[in-house]
Every structure is written in structure tokens, then in C-alpha cells.
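Below is one structure, written out as C-alpha cells, with a few remarks after it.
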Amino acid sequence: MSRNAEVADRLDEMADRLEALGVEYKPRAYRQAADNIRGHTVAIETLAERGRDAVEEIDRVGEAIAAKVVEYVETGEIAELEELRDDLPVDIGALMRVEGVGPKTVADLYEALGVRDLDDLEAAAEAGEIREVKGFGPKTEENILDNIEFARESHERALLGEAQPLAERVLDHLRDHGAVTAADTAGSLRRWRPTVGDVDVLVASDAGEAVVEHFTEFDAEVIEAGTSKASLRADGMRVDLRVVVEAEWGAALQYFTGSRDHNIVLRNRAIERDLKVNEYGVFDVSGVEDPDAGQRVGERVAGGTEASMYEALDLPLIPPELREDRGEVAAADAGDLPDLVALGDLRGDLHTHTDASDGDESVAGMLAGAAEFGHDYLAVTDHATGPGMVGGVGVSDDELLAVAEEVRAADSEVRAFTGVEANIAADGSVSVADDVLAELDCVVASPHAALDGDGTDRLVAAAEHPAVNVLGHPTGRLLNRRAGLDIDIDAVAAAAAANDTALEINANPHRLDLRGGYVKAAVDAGATIAVNTDAHRPAAFDYLRFGVHTARRGWAEAADVLNARDADGVADFLGL
DNA sequence: GCCGTTTTCGGCCCGACTGTTTTCAGTCG
């Protein structure tokens, strides 16, 4: 776990515990600080070493939280958190994972029954003790019992790469219903976050109940189903449906896409204009005595489309991937929104494998697959031997040259670039002889071993290597499994930009590395981005969309992306 | 606890739903 996430988790825990105690406002402050630390592109220990003032540079982190961050980095503890843990000695994170159980419930059940963890909770529910607690009843007890098992299993967020295909199947099913006039994803899935907590789908229809019923006929367990919303559990994920009328489609889509912080910025902007924004539309409340009197108070000025919602606030439509409260509203206001790269802009793939190393397909098969996918060019970059390449996966320098010869000789519809995925050792050196690298068109260099600690110097050294063209999956993270290297992205991006080395967005859904926040920093520093699939078989070329949307989350335009260039443009970049 | 064209104090987004209640607290998104 990167230390940013580790620190953020501690602050989130403080928020939960403060909320359990009934403290107002502080929980929100801690959560916002935690979110911003988690997403910050500079390693938190680097900032902590520079002192409290440096930590305070992170948005929503003030004096008090910065001091706790420094304390945590230096001592591994936050004294106040330890006190809070002593006050309420429970596994608050595990308990809150139970649907319907929040901080207050955790505190109440500890006080009344001494519930400390999921096992205690289950025992208390089975013994019928929970229904006897004041404020609780048999229904709550039953719900807790029903939801405990899912809480035990689903401690991880689902990968985008799993959730997106499920969402598409659900949307296809919904669109089969004649009364459905529009259907789309919402939530973090529509923002293409690398992991999602659940799958949100939204439908426009005048026949809410019929659509909900149709939804429950999808092959899945029904959690709940009302007149306009319902939830299923499918493939280990929760799928939430909402049905709205067509006139409120845009408002609902905007609202449920979030992020929450993005929506707060919009609401505050609305208030400045005597407008009110909610999931039903934008309303002019200038002549209204009490704007809070109801959800559709005032005159509706927008709501049918998402664009109308933004237009009512004097803004252009902001693409979902940007809606993370990272300055997108200010940029939109100033007319400075990026013209984001799109899937159709991508013309090739510069990081792929064949059965010469650990791929499943021959050189010819990969080239044919690339042509079928619609690419103009493909770089064949099999693994070199070196640190991290166990079990004979990597091929020797001589074999690399033999594969290159096969690539050159291939009769291919796409332009074929020879290449290698070399390994960046812990000291930053590259594991292939210089004279071999010189023979190859496209040299990808990636870290495959020693994937913890600070990797900044290592990546800077690789970026400065004259033969290296692309830094592959720079941090080496694996979602839900390995945090990967901590890096100072500004330093890495500066070195990449200065040395004409591209930084990869590895589109494999287990990686999505670089992540969006790092991409934005890299683009800001003038670095070139390569969106590659790391395909080990032709079917994996489809991963490209996950990479493209990650690029969009990083505010990247087509001009920032190496493989949005034509084959000659790429050849120029590679120095051919 | 944080923040500032309401600037060093006084606010802090908004609404639906559920289950428990006789008017609302907690949770969720």
C-alpha cells in the first residue's frame, strides 16, 4: 500500500470514529483530507520530511491534520486515533462494511451488546439481541444478518475491467424493454475509476415499475425492488438501478455520475446564481420565498440533458472522467477544458507480447489481430530476461534479435515495429545489452521486481537511458494486490519530457498504471503518454478503452499521446 | 477541522429511503 493510501485510511478511520461519537463537521473534514492525500501525486512521506507546512499544501489539509500526518509518518501512530480506538475498541471498518450499518450503529451496538467485530455482530443478531436494543427492531436485525456474508466477502472494490462488462450486459438487458428510452451507467463507473464500489445504471422511462420488474429478471439475486429503484447482486457486485422520467434524465445522469465533491462545487455555483441544482433539474429560485420547501421549487430551467444542466450554470459540458473536483469547474468556467483524447484517436499499440515470451499467440497472429482490431501499427515487445522474469519467461538477447528478424520479415497489414520489454533493475539499469537495444525499434523498459519503496531515482535513470523509448507500467501496481512503487511523478515526468521517453498508461485492467492523477501531472510537465495494452493475446487489444479513459481522467489530449500519431510520427519519436 | 469576492469566525450540499418511531435518526448515494 502506498503510504498516501495508508495515511488516508487512518484519517478515514478517524472520521468514522468521530462520527460514531456524534462529532459534527470534523468527520467530513477528515474524509476530504483523506481523499486528497490518497489522490495526491507526491509521496506523503516526502512532504512529511519537509515538514508540516509542506503537508498543508494539499487541499483541505490544514494545521491540525498536517500535524497528524507528520506524526504518523514519523512514529507510525496518531495518538488521537489510538485514544479513539481505546474509547471504542471495535473493528469499525469491518462492521461498517455491512450494508445499513454506519458509525452510529456501530457505537450503539458496542455500548448495548459489546459488539466488536463481524462475528460478534452475527452472534448477536442470531441470538435475537439486536432487536431488543432501543432504536432497533426485528427488521434491522434481519437486514444485518442478510448482509453480513456479503460484507465478509466484498472487502475489495471491483475492478473497472470486471464491472464495465457487467454493466454493458445489464444495459443491453434494460434496452430490450420497450418503455426504456435511454440507459447509461452512472457513478464512478461512468467516470472510469480503476475500481468501483458498485455498478450504477440509470434508465429514462415513463414506466418505472415495469422497468424495475424487467430489471429483476436479469440473471442475479434481487436485493430490493421498489417503484423507481432496485438493486441486484451479480458477479459479486451490487448493481443499483434508478428509473427517471425523460424530462429529468440529464439531471439524474449528472447527479448520479458525481463525484460528490464535483456536485458540491456545482451546487455552490448554483447558489451564487439564485439557482438550485438537484437530481431533478436546475431551478430558478430567485422569486421563491423558501428554496428548500421542496425538490422541484421554482422554475425549471434545465434537466432533460446533461449539457443543459451545465449550460444553466454557464458552463460547457464537463466530461465525466474529469468530474473529480480537481479544478475542472474552474477550467470549464475559463474555457480551458482539454479536448480529451478518444478511443478513435488511437492508431496502434506499442507494448505487446507473443509466444516467444509469455504470450499465447505467434508474431504473425498478433500482427493479424492488430489489423483486425483496426490498428495501423504494432510494436512486438517480448520480455527480456532480468530481474523479476522468473520461470524462463524472459528471452535472451540473441532470441530478441531472432524475434525482431521474424517481425521484420512478417507479411503484415499493419506496420510492425521490433522491440523489447526490458527490465528496470532496482538501481535503474536496463537488463539488455546496449548493442541489442540499438537494433530494436521500440524499447519499453518496465519495473518487474523490487516493487516497493521509492522508485523515483530508478525511473528517472531509465528515462534518461538513451535507448529507452517508453517506461512501461511505471509504478508496477496491481489493483487490490500491490501498491507498487512510490514515485515523485513530477520528477519522473520532467526526466521523461527532457529525454523524449514516453510514460505508459498500461491499459490492463489489473494495472491502469499510470493512474489518472499521475497522467495529469505528466501532461502538465510536457511528457508524452503512450496508451498500451500489454496484450498477451489478440483479445486483449480490447483493453485499450480502459487505458484511453484513464488518459482522459488525466486530462490528456490526442496531442499528448504517442500512439495517437500515425506510424511515421511514431517512427520519428522512436528515432527511426 | 477547514476555509475565505460572507476573509480569522460562522458556516459547512441535498434528498430518498428505511425502520423505527409518533416526529426523526441513521444510512446511502
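Chain A is the first sequence line, chain B the second, and so forth, proteins listed ahead of strands; every chain is numbered from 1. Because only heavy atoms are used, hydrogens play no part in the values below, and waters and symmetry mates are left out as well, while side chains stay in.
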B:dT21 and B:dG26, which share atom name C1', separated by this distance in whole Å: 13 Å

Considering only atom P, compute the distance from B:dT20 to B:dC28 and round it to an integer number of Å. 15 Å

Base, sugar-phosphate, or nothing for A:Arg60, non-hydrogen atoms under 4.0 angstrom? sugar-phosphate

Do the charged groups of A:Arg157 and A:Asp198 touch, with an N to O distance under 4.0 Å? no

Pick the nucleotide of DNA chain B nearest each of A:Glu24 and A:Asp240; which residue has the one closer to the 5' end? A:Glu24

When we call it a touch if two heavy atoms are under 4.0 Å apart, what does A:Val101 touch: a base, just sugar-phosphate, or nothing? sugar-phosphate

What's A:Tyr255 touching, base or sugar-phosphate or nothing? Going by heavy atoms closer than 4.0 Å. base

Touch check for A:Val98, heavy atoms < 4.0 angstrom, all strands: base, sugar-phosphate only, or nothing? sugar-phosphate

Side-chain N or O of A:Lys276 less than 4.0 angstrom from OP1 or OP2 on B:dG15? yes

Over all heavy atoms of both residues, which pair between A:Trp555 and A:Arg326 is shortest? Give the atoms and the distance, please. CZ2-O, 3.6 Å

Across all strands, who's sitting opposite B:dT8 as a Watson-Crick or G-U wobble pair, both distances under 3.5 Å? none

Start at the 5' end of DNA chain B and walk down; is the nucleotide closest to A:Pro103 or to A:Glu141 reached first? A:Glu141

Ignoring backbone atoms, establish whether A:Asn143 has a side-chain N or O less than 4.0 Å from OP1 or OP2 of B:dT18. no

Considering only side-chain heavy atoms of A:Thr105, which listed nucleotide, B:dG1, B:dC3, B:dG26, is closest? B:dG26

Under 3.5 Å donor-acceptor pair, A:Tyr280 side-chain atoms to B:dG15 base atoms: no

Spacing of A:Asp108 atom CG relative to B:dT20 atom P, expressed in whole Å: 13 Å

Regarding the side chain of A:Pro138, the nearest nucleotide among B:dA16, B:dC13, B:dT20 is B:dT20

Side chain of A:Asp198 (C-beta onward), nearest among B:dG29, B:dG19, B:dC2: B:dG29

Let me see the working for A:Arg3 and A:Asp486 under side-chain contact (heavy atoms from CB on, under 4.5 Å), right down to the final yes or no. CA-CA 8 Å; A:Arg3 302 219 67 193; A:Asp486 289 326; 4.2 Å; yes

Would you mind classifying the nucleic acid contact of A:Pro27 as base, sugar-phosphate or nothing, using non-hydrogen atoms under 4.0 angstrom? nothing

Can you tell me which nucleotide in B:dC14, B:dG1, B:dT20 comes closest to the side chain of A:Lys68? B:dG1

Presence of A:Tyr25 side-chain N/O under 4.0 Å of B:dG1 phosphate oxygens OP1/OP2: no

Same-atom distance (C1') from B:dC13 to B:dC2, integer angstrom: 16 Å

Taking 4.0 Å as the cut-off, does a side-chain nitrogen or oxygen of A:Thr140 come that near to OP1 or OP2 on B:dT20? yes

Could you go through the side-chain hydrogen bond (donor to acceptor under 3.5 Å, both in side chains) check for A:Gln254 and A:Asn263 one step at a time? CA-CA 8 Å; A:Gln254 195 289 316; A:Asn263 286 352; 3.0 Å; yes

Rounding to a whole Å, what distance do you find between A:Lys139:NZ and B:dT21:C1'? 16 Å

Where does the angle between the aromatic ring planes of A:His214 and A:His173 fall among parallel (under 30°), tilted (30 to 60°) and perpendicular (over 60°)? parallel

Distance check: side-chain N/O of A:Arg28 vs OP1/OP2 of B:dC13, anything under 4.0 Å? yes

Inspect the contact between A:Arg238 and A:Glu99 and indicate whether a charged nitrogen and a carboxylate oxygen are less than 4.0 angstrom apart. yes

Checking all strands, does A:Lys26 fall into the base, sugar-phosphate, or nothing category for heavy-atom contacts under 4.0 angstrom? base

